[in-house]
Amino acid sequence: MSANGSTTANFQNHNGLPIAIIGGGLGGAALAIGLLKHGVKVHIYEASASFSEIGAGVGFGANATTALHLIDPRLLEGYMKHATINTDPERENTFNTVRWGMDERRPNGAKAGDLAFHQTDAKKTPDAPAGFCMRGRIHRARLLDEMVALLPTDVTSFGKSFHSVEQVGAGMLKISFADGTTSLASALIGCDGIKSKVRSFVCGPDIKAKYAHEVAIRAMAPGEEVKKVLGAEMALNSTLYCGYGGYCITYPVDHGEFINMVAMPHDQSLTSTWDQDDWIVPTSADEVCEKFKDFYPPLIDLIARHALPSKWALHTLQHDRPYFKGRVCLLGDSAHATTPHMGAGAGMAMEDAYILSCLVAAVGRSDNIEAAFKAYDAVRRPRTQGCIQRSIEADLAYNFMIEGIEDDMEKIEQKLNENFRWLWYEDLEEQLRRAQKVLWEISGHDVSQL
């Protein structure tokens, strides 16, 4: 194994050309680490001037942390250095504490701020330290920094905004960038996010993200201030506040130094569209107070006081098109962007990176990479599209908007347990074996031991 953790380079890139990865966010970096570990030559093309991530905290459940470990144990080690978990020993297996964000709309009902239930997760990854709970939150930039530290310095080109791709010879792609430059690659994997330009080539221009009828208003407040206002239990343990037509979530990042807070009002008009090209638009404290006027006052006061001056329109990418076309493939949000209501978007990208890197390595040479892409699509598309739908259901549950469930907290808990267990307890190694079976059927060679 080399200094960067890669295995012996037995994979054959066509004409020595790398597999191009478009996008250097969490998904692209994780994929590069996984491929390099298998001795696959890669090159990342990032549109920005440096590695960077939009947003603050990101939640990881057992499936995501297991994927990190399976890609490269050093990724899990890096995650554990920065991950923030609930501080209350009695809540060490709790993913979210669910509370009433508004007064219950029935006589003598629960009051805003009252406890509803604790949502738990105690699954561990192989070789995890005793007592380590496999869920937590981490600042996106911290996790990306840990990933970048595992990458050789010569595998990334910055300021390269993807424009188009074409096949120029047997097993050879020509990639054109917005600055007029071109590069050659043996294959291309688009990790360029929800507004992916690579997706237009793979799926066609009609497959676009659709408005999810809600926005996210984010705030970041000092941990000490939040503890004074809400108390240590609410401040330092991930807490979700359900409401009629909207919800809020708060959780600590940077080991409690700051509390990430997000308010998500739901657009009751499900026929509305987002007509602006920009998905990040101005907001104000007044909008927070107006849309959450009946919510738990101390919480809304904190969010309004520390709210960022912009709100994010949420979109999803539900479709039934394959995630690949020829020697070009999609990973993460570029293929299956979801809403954040299960904290699953980044985790799905980590799962993608594990499965795809193993399948590419299994075919042995980039000449056979289409078979790897087809096997990847066979197992990942059903799982990731299912995640989008379940995230939508979770949001409706938080907002008391599921017919037959409404504000019945016992039924909400049952619904969330069903969806989150589906998310967290996926056997990724079994999923890989299913993909390898598909690959075997395509290629006629047993790759299950590779």
Side-chain angles (χ1 to χ4, degrees), residues 1 5-11 19 21 26-40 42 60-76 79 123-128 134 147 150 187 189-191 322-324 329-332 334-336 344-366 368-387 421-450:
M1 182 173 287
S6 64
T7 58
T8 303
N10 53 5
F11 185 88
I19 293 175
I21 297 174
L26 295 178
L31 176 64
I33 291 166
L35 290 172
L36 287 167
K37 183 181 176 183
H38 289 294
V40 182
V42 302
F60 271 33
N63 64 306
T65 49
T66 298
L68 290 178
H69 175 84
L70 291 171
I71 294 168
D72 190 319
R74 296 174 301 168
L75 282 179
L76 181 58
Y79 163 85
K123 189 177 175 81
K124 297 179 183 178
T125 197
D127 304 322
M134 295 308 301
M147 290 181 171
L150 300 180
I189 301 171
C191 306
Y323 290 175
F324 77 102
C329 191
L330 301 172
L331 180 145
S334 64
H336 48 74
M348 286 291 110
M350 298 306 102
E351 290 187 16
D352 284 353
Y354 166 61
I355 298 294
L356 186 54
S357 60
C358 289
L359 291 173
V360 169
V363 298
R365 52 190 297 136
S366 57
N368 304 326
I369 203 163
E370 288 184 49
F373 289 169
K374 186 172 184 179
Y376 161 81
D377 178 68
V379 298
R380 293 306 297 159
R381 184 151 45 101
R383 168 116 169 119
T384 52
Q385 291 296 316
C387 182
R421 285 169 182 165
W422 173 90
L423 170 66
W424 289 333
Y425 302 157
E426 174 76 358
D427 187 335
L428 293 179
E429 292 174 289
E430 172 57 29
Q431 186 181 132
L432 177 60
R433 286 190 287 270
R434 296 200 310 269
Q436 289 171 330
K437 183 179 179 181
V438 174
L439 188 55
W440 184 8
E441 292 169 351
I442 295 169
S443 64
H445 297 289
D446 186 359
V447 298
S448 61
Q449 303 304 314
L450 298 179

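Just so you know, these numbers use all the heavy atoms, side chains as well, and skip hydrogens, waters and symmetry mates.
The structure places OG1 of Thr66 at 8.0 Å from NE2 of His69, a figure rounded to the nearest 0.5 Å. Interatomic distance, Ile33 CD1 to His38 NE2, rounded to the nearest 0.5 Å: 12.5 Å. Between atom CZ of residue Arg380 and atom CD1 of residue Ile355 there is a gap of 6.5 Å, rounded to the nearest 0.5 Å. We find the CE-CD1 distance between Met147 and Ile71 to be 6.5 Å, quoted to the nearest 0.5 Å. Here CE of Met350 is found 6.5 Å from CG of Leu68. Values are rounded to the nearest 0.5 Å. For the atom pair Leu432 CG and Lys437 NZ, the distance stands at 14.0 Å (nearest 0.5 Å).
Applying the side chain to side chain donor-acceptor pair (under 3.5 Å) test to every pair with at least one member in residues 355-364, sequence neighbours left out, gives no pairs at all.
Looking only at side-chain heavy atoms (C-beta outward), Phe11 and Leu35 stay at 4.5 Å or farther from each other. Under the 4.5 Å side-chain criterion, counting only non-hydrogen atoms from C-beta, Leu331 is in contact with Tyr376.
In this structure, Arg383 contributes its side chain and Leu423 its backbone to a donor-acceptor pair below 3.5 Å. Proximity of a side-chain donor or acceptor of Tyr425 to a complementary backbone N or O of Ala62 within less than 3.5 Å is not detected.
In terms of heavy-atom proximity, Phe324 sits nearest to Glu370 at CE1-O, 4.3 Å. Closest approach of Ala375 and Ile442 over heavy atoms only: N-CD1, 4.5 Å. Summarising the geometry of Asp427 relative to Glu430, their closest heavy-atom pair is OD1-N, 3.0 Å, with the distance given to 0.1 Å. For Ala349 against Gly332, the heavy-atom pair with the smallest separation is CB-CA, 4.0 Å. In plain terms, the two heavy atoms of Ala346 and Leu26 that are nearest each other are CB-CD1, 4.3 Å. Here the closest heavy-atom approach between residue Phe373 and residue Ala187 is recorded as CZ-CB, 4.4 Å.
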side-chain contact (heavy atoms from CB on, under 4.5 Å) for Ile369 and Ile19? Distances and angles first, verdict last.
CA-CA 10 Å; Ile369 203 163; Ile19 293 175; 3.6 Å; yes
Go through Asp352 and Leu31 one step at a time and tell me if the side-chain contact (heavy atoms from CB on, under 4.5 Å) criterion holds.
CA-CA 8 Å; Asp352 284 353; Leu31 176 64; over 6 Å; no
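Shown here are the side chain to side chain donor-acceptor pair (under 3.5 Å) partners of Asn368, two or more places apart in sequence or in another chain: there are none. In this structure Tyr323 satisfies the side chain to side chain donor-acceptor pair (under 3.5 Å) test together with Thr384, Gln385, sequence neighbours excluded.
For Tyr79 and Phe60, the distance between ring centers is under 6.0 angstrom.
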